[in-house]
Trainee: 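Attaching a single structure in structure tokens format; questions to follow.
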There are 2 protein chains.
Amino acid sequence: MNFQLRKQHLLATLEQHGSLEVTETARQLQTTPITIRRDLAHLAAKGLLVRTHGGAVRPHVANAPVAFHRKAAANLAQKEHICRLAAAQIADGDTIFIDCGSTTFPLCPLIRHRKIRVVTNSLPVLFELAGSAVQVVVAGGEVDAERQAMHGLVAVEQLRRYQVDKAFLGVDGLSLRRGLSANSEQEASISLAAAAAARHVYLLCDASKLERDKYFQFAPLSLVGTLVTDPAAPAALVAQYREAGLLVLV
Amino acid sequence: MNFQLRKQHLLATLEQHGSLEVTETARQLQTTPITIRRDLAHLAAKGLLVRTHGGAVRPHVANAPVAFHRKAAANLAQKEHICRLAAAQIADGDTIFIDCGSTTFPLCPLIRHRKIRVVTNSLPVLFELAGSAVQVVVAGGEVDAERQAMHGLVAVEQLRRYQVDKAFLGVDGLSLRRGLSANSEQEASISLAAAAAARHVYLLCDASKLERDKYFQFAPLSLVGTLVTDPAAPAALVAQYREAGLLVLV
DNA sequence: CCCAATGTAATCACAAATAAACAATAACGA
DNA sequence: TCGTTATTGTTTATTTGTGATTACATTGGG
């Protein structure tokens with residue numbers, strides 16, 4: 001009984017029942033709990049399941065639609081700092097794109113009164129700016145309830161039709177060697193489409209994400225025009241990003 | 001039975017019923033109230049529900065447009081009656097279109113738990129159904145802040161790409177002689193596009209709008225398959241609409 | 001207004017699951 | 001043959017989840 005066979009069994013069980021228990025599975029596979037736990041740790045690292053105490057569940061079960069404003073609380077101070085820097089880059093009359101995600105969202109209260117046009121695929125951004133001075137344009141298509149945004153073919157296709165002055169993108173990971181990375185191919189494709197439609201790309205990325213790669217690498221560093229981060233970013237690292245050709249705002 | 005599975009059950013119950021009770025849920029899940037309370041505390045911290053004394057309720061995600069609710073108050077009882085009739089026409093697995101407007105909006109709470117796909121250009125509908133069991137598809141494009149909906153070329157074009165089983169349209173006026181009329185060309189073009197994409201068109205129209213023409217006539221009566229109205233509609237008038245070839249639900 | 005009934009928070013206790021360090025084993029190539 | 005490496009199992013200390021007990025808060029009638 002090797003890892004491959006166990007992995008097969010684990011995933012099949014999860015697929016069937018939605019969950020599994022470590023001790024029970026260990027008994028079935030004639031092995032010890034520690035081995036099962038190590039297997040589960042591997043699979044969890046690949047995102048194929050989510051660990052619980054005593055077992056595991058299918059990924060989508062655990063990823064309940066997290067209320068947006070709560071999630072945004074993580075690193076909120078840094079994100080607000082970043083958004084203040086970003087908002088200062090916006091001129092009246094601009095057409096900008098705002099990505100979905102908790103990093104870019106704090107931009108909204110800062111630009112409600114501005115005479116600009118905002119293109120977005122994010123529901124929270126839409127809700128926040130609807131009824132403000134801003135002219136909002138929405139990328140349509142299927143709603144991804146979990147991410148509170150529109151994703152998919154139609155959204156990407158529609159974004160391609162707009163030309164925007166500045167795109168403000170979030171990202172899940174960024175590194176000098178591997179560029180931009182995301183937890184979801186869907187988000188990545190939206191980011192790519194928005195970047196392609198923009199004259200200048202601003203990447204809003206708090207320091208905790210610098211030099212952190214996520215599972216899906218989707219673009220080189222050169223996609224980005226300006227990196228906007230916070231003072232927690234090490235000065236040496238900022239210098240390296242500047243050497244790599246990026247403008248960096250701290 | 002671990003936390004993840006209980007959480008699943010708790011959120012599903014909330015989604016379906018709108019509320020739950022601690023003791024009742026503890027009994028169902030074969031555990032103690034204290035455990036359920038701790039689970040609820042976790043989920044409440046994430047904003048996924050709101051604690052009450054003895055249970056929990058769904059968070060009112062609808063930080064929804066106030067203006068909309070105010071307008072919706074007119075003839076609300078009639079509109080709810082109409083929407084109940086309309087909801088009964090929807091089968092699991094259907095893809096439906098829901099028009100913007102106060103008449104069609106009360107459909108939303110009636111279909112939150114249904115396994116259907118909803119195409120819409122209405123922001124209130126989107127807000128109400130985001131995060132429910134329904135798969136929402138949004139027509140993109142420029143947001144019309146006043147009408148809280150997406151209108152214009154892009155939205156119409158995108159609607160044309162979808163094929164829906166049933167379209168539930170609102171209208172500002174309806175008459176035997178002049179057909180459907182609206183206060184806005186924008187809304188009319190959306191209605192036309194949705195009707196063209198639908199296998200069957202339901203027109204939701206309370207009795208106060210029957211035999212009332214508005215300034216922009218945009219379609220003949222024959223566009224409509226079924227007229228859904230309320231008991232305030234004169235029986236003679238209902239008979240005339242039936243003679244004109246419409247199915248009428250009262 | 002008070003009182004009983006019910007729900008809740010706080011503390012403790014216990015069992016199960018876990019992580020960490022270490023040991024055993026097998027596979028592999030030089 | 002040896003040493004290296006990957007995999008699995010063992011032991012022990014720690015963490016986590018759960019339930020019991022008690023004291024306190026909230027609710028809804030007299």
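So you know, we letter chains A, B, ... as the sequences are listed, proteins then strands, and number each from 1. These numbers were taken from a predicted model, which means no experiment stands behind them.
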Trainee: Find the bend of the helix from dC1(C)-dG30(D) to dA30(C)-dT1(D) as the angle between its two terminal axes (five pairs each), to the nearest 10°.
Mentor: 30°
Trainee: In the structure I gave you, are the side-chain heavy atoms of L49(B) and V57(B) within less than 4.5 Å of one another anywhere?
Mentor: no
Trainee: Rounded to whole Å, how long is the line connecting atom CD of E21(A) with atom P of dT18(D)?
Mentor: 12 Å
Trainee: Measure CD/Q30(A) against P/dT8(D) and give the value in whole Å, please.
Mentor: 15 Å
Trainee: Of all the nucleotides listed (dG19(D), dT16(D), dT8(D)), which has the minimum atom distance to the side chain of T35(B)?
Mentor: dG19(D)
Trainee: Regarding dG9(D), can its base be found pairing with the side chain of R38(A) as donor and acceptor, where the two atoms are less than 3.5 Å apart?
Mentor: yes
Trainee: Could you tell me the boundaries of the chain B footprint on DNA chain C, defined by atoms under 4.0 Å from its heavy atoms?
Mentor: dG7(C) to dT8(C)
Trainee: Are Q4(A) and Q8(A) close enough that a side-chain donor and a side-chain acceptor fall under 3.5 Å?
Mentor: no
Trainee: Using OP1 and OP2 only, check whether a side-chain N or O of T31(A) sits under 4.0 Å from dG9(D).
Mentor: yes
Trainee: On DNA chain C, compare the nucleotides closest to G54(B) and P33(A); which residue's is nearer the 5' end?
Mentor: G54(B)
Trainee: Under a 3.5 Å threshold, yes or no: a donor from one side chain and an acceptor from the other, between T104(B) and K79(B)?
Mentor: no
Trainee: L40(B) CG to dT18(D) C1': how many Å, rounded?
Mentor: 15 Å
Trainee: Just to confirm, is there a sub-4.0 Å distance from OP1 or OP2 of dT18(D) to any side-chain nitrogen or oxygen of T32(B)?
Mentor: no
Trainee: Backbone N or O of R27(A) within a donor-acceptor pair of the Q30(A) side chain at under 3.5 Å?
Mentor: no
Trainee: Below 4.0 angstrom, N of the basic side chain to O of the carboxylate: do K166(B) and D94(B) qualify?
Mentor: yes
Trainee: Please report, rounded to the nearest Å, how far the C1' atom of dT18(D) is from the CG atom of L5(B).
Mentor: 16 Å
Trainee: Figure out the CZ/P separation between F3(A) and dT5(D), and round it to whole Å.
Mentor: 21 Å
Trainee: Consider the side chain of I34(B), meaning its heavy atoms from C-beta on, and name the nucleotide among dG19(D), dT18(D), dT10(D) that approaches it most closely.
Mentor: dG19(D)
Trainee: To the nearest angstrom, how far is R37(B) atom CZ from dT18(D) atom P?
Mentor: 14 Å
Trainee: Could you check whether any side-chain heavy atom of L126(B) comes within less than 4.5 Å of a side-chain heavy atom of L126(A), counting everything from C-beta outward?
Mentor: yes
Trainee: When you compare the side chain of E128(A) with that of F105(A), does any pair of heavy atoms fall below 4.5 Å?
Mentor: yes
Trainee: Decide, yes or no, whether a salt bridge links R6(A) with D39(A) under the criterion of side-chain N to carboxylate O below 4.0 Å.
Mentor: yes
Trainee: For R51(B) and G55(B), indicate whether the former's side chain and the latter's backbone hold a donor-acceptor pair under 3.5 Å.
Mentor: yes
